[in-house]
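Worth saying up front: this structure is predicted, and the values here are computed from it rather than measured.
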Amino acid sequence: MEIKDLGLVAFDEAWKIQERCVNQAIEARDKCFLLLCEHPVVLTLGRLADRKHILLSDQELLRRNISVVPVNRGGEVTLHAPGQLVIYPIFNLENSGKDLHQYLHELEEVGIDFLRLFDIVGRRISGKTGVWIGEKKIISIGIGVRKWVAFHGMSINIAVDLNLFDVIHPCGMDVEMTSIEHEGKNSFSMEDAKKKIVNVFQQRFGEDS
């Protein structure tokens, strides 16, 4: 598993890097990547996205310097911003039976395992992809697949400005978002969070993903 820490990077630039990694993983079926980053404020629209779930006009989005980018993943509208850890696993699903539902389940388990390191009890809600604390959402998940290589991935709210989520219905739902910081667990850095999530991915997926 090749780990790439992209730091704070524009979504478009991260997408170009993802594309290169996906192409490499398609050509060399035993190759996989784990990209880690933060993004400036951006709204990404999955294949099922409906503009009504963005609660600001195009003019107001422009005034606030919030870009909107359609992406080739499942799901609805998602917000990325500094203080949110975004993880793009680029894995060959042929190694795990070509089972998309199982892969999404495994990503949720990664999130739950990660939160446990901060003494936070995360859970899944039937029919709703992601990880939740009670009724509040803390981890969003959405993937794309090309020739059985999965890309896109998950975003974990570490210390993101939660007020930013007021501009959308996250994932098309009227839901309250939370973060590790908001849950009172703020005695760590983003670098610590990156190290922890890498360890969790390696433990769950190993070197054969």
Contact check, side chains of [X] and [Y], non-hydrogen atoms, under 4.5 Å:
{"X": "Leu43", "Y": "Leu61", "answer": "yes"}
{"X": "Val41", "Y": "Asn65", "answer": "no"}
{"X": "Leu162", "Y": "Val160", "answer": "yes"}
{"X": "Lys137", "Y": "Lys128", "answer": "no"}
{"X": "Asn199", "Y": "Phe114", "answer": "no"}
{"X": "Val110", "Y": "Phe205", "answer": "yes"}
{"X": "His152", "Y": "Gln18", "answer": "yes"}
{"X": "Leu107", "Y": "Phe201", "answer": "yes"}

> Under the salt bridge (Lys or Arg N to Asp or Glu O under 4.0 Å) criterion, do Glu19 and Lys16 qualify, and how do the steps go?
Replying inline: CA-CA 5 Å; Glu19 279 277 271; Lys16 292 175 185 176; over 6 Å; no
> Between Ala25 and Ile90, what is the shortest heavy-atom contact and its length?
Replying inline: CB-CG2, 4.1 Å
>> Please give me the minimum heavy-atom distance between Ile125 and Gly134, naming the atom from each residue.
In response: CD1-O, 4.2 Å
> Passes side chain to side chain contact (heavy atoms under 4.5 Å, CB included), Leu115 versus Ile139? Steps please.
Replying inline: CA-CA 10 Å; Leu115 293 175; Ile139 298 177; 4.2 Å; yes
> If you measure from the Lys or Arg side-chain nitrogens to the Asp or Glu carboxylate oxygens, is any gap between Glu60 and Arg63 under 4.0 Å?
Replying inline: yes
> Can Glu135 and Arg123 be counted as an ion pair, charged N to O under 4.0 angstrom?
Replying inline: yes
>> So does His105 get a backbone contact from the side chain of Arg124, meaning a donor-acceptor N/O pair under 3.5 Å?
In response: yes
List the atom pairs, with distances to 0.1 Å, where a side-chain N or O of residues 79-89 and a protein N or O form a donor-acceptor pair under 3.5 Å, not counting sequence neighbours.
{"residue": "His80", "atom": "ND1", "partner": "Gln84", "partner atom": "OE1", "Å": "2.7"}
{"residue": "Gln84", "atom": "NE2", "partner": "Leu79", "partner atom": "O", "Å": "3.1"}
{"residue": "Gln84", "atom": "NE2", "partner": "Asn157", "partner atom": "OD1", "Å": "3.0"}
{"residue": "Tyr88", "atom": "OH", "partner": "His39", "partner atom": "NE2", "Å": "2.8"}

> Quick one: side-chain hydrogen bond (donor to acceptor under 3.5 Å, both in side chains) partners of Arg20, sequence neighbours excluded?
Replying inline: none
>> Between Phe91 and Val145, does the side chain to side chain contact (heavy atoms under 4.5 Å, CB included) criterion hold? Intermediate values first, please.
In response: CA-CA 9 Å; Phe91 293 165; Val145 178; over 6 Å; no
>> Checking His182 now: which residues fulfil ring pair (Phe, Tyr, Trp, His ring centres under 6.0 Å) with it, not counting sequence neighbours?
In response: none
> Cluster question for you: counting only ILVMFWY and a side-chain heavy-atom cut-off of under 4.5 Å, with indirect links fine, are Val77 and Leu62 together?
Replying inline: no
>> If you apply the rule side chain to side chain contact (heavy atoms under 4.5 Å, CB included), what do you find for Phe118 with Lys196, and how did you get there?
In response: CA-CA 10 Å; Phe118 299 93; Lys196 284 180 168 58; 3.6 Å; yes
>> If you count every heavy atom of other residues, nucleotides or ligands that lies below 6.0 Å from Asp58 atom CG, does the total exceed 12?
In response: yes
> After noting the C-alpha distance and the side-chain angles of Trp15 and Phe151, does the key distance pass the side chain to side chain contact (heavy atoms under 4.5 Å, CB included) rule?
Replying inline: CA-CA 10 Å; Trp15 171 237; Phe151 51 97; 3.8 Å; yes
